[in-house]
Amino acid sequence: MSLIELKDASFGYNQQDIFKGISFKIGKGEIFCIIGPNGCGKTTLLDTILGILKLRQGDVLINGSNIQKMRPHEIARQIAYIPQAHSKTFPYTVLDVVLMGRAAYTGIFSSPADEDVVIAEEALALVGLTRLKSRPYTQLSGGEGQLVMIARALAQKTPLLIMDEPTAHLDFKHELTVLETIVQLINDTNLSIIMATHFPNHAFYFENNNIKTSVALMDQKTFSQVGRPADIISEENLMMLYNINAKVVSCHIGSGAELKQIIPISTIS
Amino acid sequence: MYAVRKKTIYAILLLSPLVFIFLSLFIGRYHVPLPAIVEILWCKLTLGYCNLPDTYVSVVWDIRLPRAILGALVGGCLAISGASFQGLFRNPLVSSGILGVSSGAGFGAALAILIFSTTSYIYVFAFFFGGLAVLMSYMIGRVYNTTPAIMLVLGGVIVSSVFSALISFAKYVADPYDQLPAIVFWLMGSLASARFQDIAVAGIPMAVGIAGLLAIRWRINVLSMGDKEARSLGINTALSKGIVISCATLATAGAVCVSGIIGWVGLVIPHIGRMLVGNDNRVLIPASLSLGACFMLLVDNLGRVITGSEIPLGILTAIVGGPFFVYLLKKTKGGGW
């Protein structure tokens with residue numbers, strides 16, 4: 001059985017459709033990358049999967065149950081969310097932030113128990129940030145901050161993570177750290193991930209690391225194509241999606257492995 | 001180690017307001033010796049007979065004690081609501097009056113003075129209009145069944161300015177010989193008229209508000225992550241926000257209706273708390289309660305003794321609190337801000 005399934009999902013405000021007729025399913029240990037131009041509705045689609053916005057038509061099923069009929073804490077035990085840019089307000093310690101991942105398991109008038117602290121510390125260890133647990137999270141670098149958000153999501157103990165452009169604003173090293181963490185998590189814990197990204201190369205990266213990867217191109221308010229990265233991320237498709245000239249190249253990265261990358265060349269006027 | 005430290009902190013938080021209340025019993029123009037105070041407390045609490053001059057008993061038991069208890073409650077309420085609102089609105093510049101409860105209560109009090117020319121209806125009117133102002137801000141801030149922080153703050157600003165204008169209007173039409181001074185003095189804040197019956201009446205909303213905020217304090221951490229993240233972490237944001245706002249309003253309106261408008265406490269005490277115990281609301285909320293109570297007692301005692309006549313509380317909180325806050329800011333170098 002698939003972990004999550006969207007059936008003919010549509011959403012819009014008033015008369016205007018944001019997206020329509022989107023269907024897909026994901027199994028355990030798979031990663032699903034959604035690629036599309038700015039403003040195509042990726043974030044809105046993620047919000048409906050999270051149950052924050054209600055679909056106009058269609059269903060989101062997680063483990064067979066309909067997300068629209070679930071309460072917030074029930075959803076949060078199935079799906080965790082990692083925001084694109086988290087706006088920091090108060091200088092909470094790293095551990096306090098990760099502990100908030102336990103909200104779905106904590107009553108409205110209670111505080112997290114000792115077991116929750118243990119789970120939060122395990123989540124921090126999984127992303128390799130144990131040494132920073134007492135630091136104010138406002139003082140961390142962008143990459144470390146994103147790892148804290150991943151740890152908070154892991155503390156939710158969900159089978160599915162949703163990431164909205166998790167590597168936006170990160171430098172090369174931090175971007176790779178986040179990607180490596182994602183690969184390691186999928187290998188170790190069999191998580192599934194839905195990820196909106198501006199970088200088609202991320203899909204190649206996951207495929208290269210032997211993770212079952214699918215790519216969806218979001219265009220004209222729906223998924224125009226869905227499939228394996230090698231089939232979907234092509235020069236022709238990027239030309240249609242972004243109106244650009246692009247080139248797919250391939251290079252050897254040692255020990256017989258080969259890495260595919262797509263390089264944007266120029267816009268088409 | 002951590003558990004021991006936590007227990008010590010909570011013990012200090014609980015004990016310090018009690019110490020301040022006890023010390024307040026000594027302070028004042030009329031001197032009552034220590035043994036007499038202890039004896040009065042003992043015989044009153046054990047419901048025995050006090051073999052002491054009536055003036056001693058009346059000064060300590062009927063005047064200073066209710067005033068000290070009420071002062072502690074008022075200070076604690078203003079500070080705990082301020083801390084909760086700062087977390088809820090994700091903004092450290094917010095205070096307990098952000099949703100208009102103070103202006104609303106001020107108008108209610110002014111209206112009661114205008115209509116009845118006595119002070120007896122002030123409580124009811126101040127409490128009612130304080131609550132009404134918050135309700136109006138909430139309705140204004142509500143869009144599509146959600147209450148974004150910025151809309152709530154704007155609602156509060158609008159409602160506050162309308163009620164401020166109404167207060168000015170009330171002053172304008174008031175009789176300048178008795179009503180106007182009554183309104184002006186009420187707005188400056190005072191605990192001078194505190195009696196046990198005030199604690200019995202206004203203490204109920206204050207106690208309910210405090211209890212609610214203490215219970216929900218960890219949720220405020222999660223709410224301070226913003227609506228979308230809080231929701232994705234599994235929180236019913238509308239319900240949690242509603243409870244925080246209702247409890248903070250009960251506490252503040254209960255405080256304001258007995259004390260008048262006392263600024264500054266609801267803004268600065270939470271910050272002093274942040275510098276001392278950090279930003280985790282699990283500790284910050286009880287710390288604000290305790291610090292607010294101590295600060296209010298300190299200021300009220302000063303106001304009673306510095307000059308021959310009492311200085312209104314609303315004036316002294318800023319004069320005493322301002323320099324103290326600057327000192328703490330410099331000492332902790334902002335404490336992570």
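Just so we're on the same page: letters track the sequence lines, and every chain starts at 1. Since the structure is predicted, the reported quantities are computational estimates derived from the model, not experimental observations.
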In short, B:Ile220 meets A:Tyr92 closest at the heavy-atom pair O-OH, 4.5 Å

CZ of B:Arg219 to OG of A:Ser111, rounded to nearest 0.5 Å, is 10.0 Å

Count the heavy atoms belonging to other residues, nucleotides or ligands that lie under 6.0 Å from NZ of B:Lys228, then report whether that count exceeds 12. yes

List for me each residue that meets side-chain hydrogen bond (donor to acceptor under 3.5 Å, both in side chains) alongside A:Asn66, sequence neighbours excluded, and say none if there are none. A:Asp59

Let me see the working for B:Leu239 and A:Ile108 under side chain to side chain contact (heavy atoms under 4.5 Å, CB included), right down to the final yes or no. CA-CA 10 Å; B:Leu239 177 69; A:Ile108 186 162; 4.0 Å; yes

Could you measure the distance from the CG atom of A:Asp47 to the CZ atom of B:Arg231? Nearest 0.5 Å is fine. 10.5 Å

Among A:Glu74, A:Arg152, A:Arg77, residue most engaged with chain B (heavy-atom pairs, under 4.5 Å): A:Arg152

At their closest point, which heavy atom of B:Asn279 faces which heavy atom of A:Pro91, and how far apart are they? ND2-CG, 3.3 Å

For chain B, which of A:Ala155, A:Gly101, A:Ala80, A:Gly107 has the most heavy-atom pairs under 4.5 Å? A:Gly107

Quick one: of A:Ile162, A:Val97, A:Thr106, A:Thr93, who has the most non-hydrogen atom pairs under 4.5 Å with chain B? A:Thr106

Of the non-hydrogen atoms in A:Gln156 and B:Ser232, which two are nearest, and what is the gap between them? NE2-O, 3.2 Å

Shortest non-hydrogen separation from B:Ser224 to A:Thr89 and the atoms involved: O-OG1, 3.5 Å

In terms of heavy-atom proximity below 4.5 Å to chain B, should A:Ile75 be classed as side chain, backbone, both, or neither? side chain

Is there side-chain contact between B:Trp218 and A:Ser110, with heavy atoms separated by less than 4.5 Å? no

Step through the shown structure and confirm whether more than 12 heavy atoms of other residues, nucleotides or ligands are within 6.0 Å of CG on A:Asp114. no

Taking every heavy-atom pair that is under 4.5 Å apart, which of A:Thr158, A:Ile79, A:Leu99, A:Leu50 has the most such pairs with chain B? A:Leu99

Interface moiety of B:Asn91 toward chain A, non-hydrogen atoms closer than 4.5 Å: backbone

A side-chain contact here means heavy atoms from C-beta on lying under 4.5 Å apart; do B:Asn281 and A:Phe90 qualify? no

Which atoms of A:Arg71 come close to chain B, meaning under 4.5 Å heavy atom to heavy atom: side chain ones, backbone ones, both, or neither? neither

If one checks every heavy atom of A:Ile82 against chain B at 4.5 Å, the contacting part turns out to be neither

Do you know which two heavy atoms are closest between A:Phe109 and B:Ile243, and how far apart they sit? CZ-CD1, 4.1 Å

Which one wins on heavy-atom pair count under 4.5 Å against chain A: B:Met225, B:Arg217, B:Glu229? B:Glu229

Does A:Lys88 NZ have over 12 foreign heavy atoms under 6.0 Å away? yes

